[in-house]
Amino acid sequence: MSDAVSYLVFETPSGHCAIAWNAAGIVRFQLPGRDADTTRRLLLRRLPAAEPADPPPAIAETVSAIGRYFAGEAVDFAGVPVDLSGQSPFFKAIYDAVRQVHWGETITYGALARQLGAGPEAARDVGQAMAKNPVALIIPCHRVLAAGGKIGGFSAPGGASSKLKMLALEGISFAQQEPAQQSFGF
């Protein structure tokens with residue numbers, strides 16, 4: 001990351017989100033949380049030096065688009081600038097590929113690995129990249145599914161149920177399906 005990092009917490013139809021940026025682009029996006037304070041804490045846990053600020057026009061436009069997304073409008077975030085410095089070249093390639101998966105579309109971890117010219121064992125790497133995605137939604141990791149089109153895991157707050165809600169906004173539904181990744185509940 002370059003330069004100082006600024007952030008904004010804002011409300012959407014699905015709850016409070018947070019976005020952080022620097023001169024190069026968006027460095028972190030926090031999916032909707034229970035309330036503004038919780039969302040702010042989650043963001044600052046990853047970016048403790050970030051300072052609250054009014055967004056420049058490009059960030060304000062992205063914030064508006066995020067609100068429209070959570071209101072159920074098809075929004076394309078593929079052109080939104082992100083700063084992925086610090087990520088490995090392979091993760092950057094994965095993120096670039098995922099940004100081409102559009103509203104209402106999905107792809108599996110394995111298919112994405114094959115698309116990148118990697119073998120089936122790279123599906124785990126794709127999964128790791130999705131789990132570490134710093135700008136969920138803008139890099140639409142929720143559209144990447146487990147083998148057989150199963151929902152798979154989701155490391156954002158709310159886990160797989162958040163992923164299901166986001167996909168439902170896009171018109172993708174799953175018949176009572178158990179997540180491929182489950183917690184033990186303790």
Side-chain angles (χ1 to χ4, degrees), residues 1-2 5 17-32 42-43 46-47 58-59 61-62 65-66 69-70 73-174 177-183:
M1 282 186 287
S2 61
V5 175
C17 294
I19 192 167
W21 67 91
N22 63 17
I26 297 169
V27 297
R28 186 131 198 108
F29 177 69
Q30 189 66 49
L31 287 166
L42 288 170
L43 178 85
R46 301 282 185 174
L47 299 169
I59 301 299
E61 185 177 309
T62 301
I66 291 166
Y69 174 88
F70 284 112
E73 183 181 320
V75 176
D76 181 6
F77 295 102
V80 172
V82 295
D83 180 357
L84 296 174
S85 57
Q87 299 287 337
S88 73
F90 189 56
F91 273 26
K92 285 180 182 178
I94 292 168
Y95 294 145
D96 286 344
V98 172
R99 291 188 87 181
Q100 303 313 307
V101 181
H102 300 290
W103 174 277
E105 299 175 352
T106 60
I107 190 168
T108 64
Y109 300 111
L112 190 57
R114 285 189 300 280
Q115 181 179 316
L116 294 168
E121 68 283 349
R124 288 186 183 269
D125 295 326
V126 170
Q128 287 297 311
M130 297 303 95
K132 294 177 180 179
N133 178 6
V135 287
L137 181 60
I138 295 164
I139 296 175
C141 54
H142 64 284
R143 297 178 184 151
V144 184
L145 305 176
K150 294 193 183 290
I151 194 68
F154 198 53
S155 60
S161 66
S162 291
K163 185 174 186 173
L164 284 168
K165 288 176 188 174
M166 293 171 74
L167 291 170
L169 276 173
E170 299 182 22
I172 301 168
S173 63
F174 294 82
Q177 185 184 103
E178 290 295 317
Q181 177 183 14
Q182 295 184 13
S183 70

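Residue indices begin at 1 and follow the sequence shown.
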> Which heavy atom of A129 sits nearest a heavy atom of Y95, and at what distance?
Replying inline: O-OH, 2.7 Å

> Taking all atoms of both residues into account, what is the closest heavy-atom pair of K132 and Q87, and its distance?
Replying inline: O-NE2, 4.5 Å

>> Can you confirm whether L31 sits close enough to F70 that some side-chain heavy atom of one is under 4.5 Å from a side-chain heavy atom of the other?
In response: yes

> Out of curiosity, L145 CG to I172 CD1, how far, rounded to the nearest 0.5 Å?
Replying inline: 7.5 Å

> Between the side chain of N133 and the main-chain N/O of I139, is any donor-acceptor distance below 3.5 Å?
Replying inline: yes

> Step by step, would you call I94 with M130 a side-chain contact (heavy atoms from CB on, under 4.5 Å)?
Replying inline: CA-CA 9 Å; I94 292 168; M130 297 303 95; 3.4 Å; yes

> For the residue pair A20 and L43, what are the closest heavy atoms and their distance?
Replying inline: CB-CD1, 4.1 Å

> Are more than 12 heavy atoms from other residues, nucleotides or ligands located less than 6.0 Å from atom CD of E105?
Replying inline: yes

>> As an exercise, state the distance from CG of L112 to CG of D125, rounded to the nearest 0.5 Å.
In response: 11.0 Å

>> Is the shortest side-chain heavy-atom distance between V5 and R28 below 4.5 Å?
In response: no

>> I'd like to know if the side chain of K163 reaches the main chain of V144, judged simply by a donor and an acceptor atom lying under 3.5 Å from each other, with no hydrogens or angles considered.
In response: yes

>> I'd like to check the side chain to side chain donor-acceptor pair (under 3.5 Å) partners of E73; sequence neighbours left out, ordered by chain and number.
In response: R68

>> Just verifying a value: how many Å separate I66 CD1 and I26 CD1, rounded to the nearest 0.5 Å?
In response: 6.0 Å

> Taking only residues two or more places apart in sequence or in another chain, which ones pass ring-ring contact (aromatic ring centres under 6.0 Å, His included) with Y69?
Replying inline: W103

> Could you give the distance from CZ (F77) to NE2 (H102), rounded to the nearest 0.5 Å?
Replying inline: 13.0 Å

> In terms of heavy-atom contacts, does NZ of K92 have more than 12 from other residues, nucleotides or ligands at under 6.0 Å?
Replying inline: yes

> Which heavy atom of V135 sits nearest a heavy atom of V27, and at what distance?
Replying inline: CG1-C, 3.8 Å

>> Please find the pair of heavy atoms, one from G152 and one from A146, that lie closest to each other, and give the distance.
In response: CA-CB, 3.9 Å

> Are side-chain heavy atoms of L84 and P134 found at a separation under 4.5 Å?
Replying inline: yes

>> When you compare the side chain of F29 with that of V82, does any pair of heavy atoms fall below 4.5 Å?
In response: no

> Is R46 reaching over with its side chain to a backbone N or O of Q30, donor-acceptor style, under 3.5 angstrom?
Replying inline: no

>> For a side-chain contact (heavy atoms from CB on, under 4.5 Å) check, start with the C-alpha distance between C141 and F154, then their side-chain angles and the critical distance, and finish with the verdict.
In response: CA-CA 8 Å; C141 54; F154 198 53; 3.8 Å; yes

> Any donor and acceptor pair, going by atom type alone, linking the side chain of Y109 with main-chain N or O of Q128 inside 3.5 Å?
Replying inline: no

> Which residues pass the side chain to side chain donor-acceptor pair (under 3.5 Å) test with R143, sequence neighbours left out?
Replying inline: E170

> What do the steps show when you test L167 against I151 for side-chain contact (heavy atoms from CB on, under 4.5 Å), and what is the final call?
Replying inline: CA-CA 10 Å; L167 291 170; I151 194 68; 3.6 Å; yes

>> Restricting to non-hydrogen atoms, name the atom on G149 and the atom on T108 that form the minimum distance, rounded to 0.1 Å.
In response: N-CG2, 4.2 Å

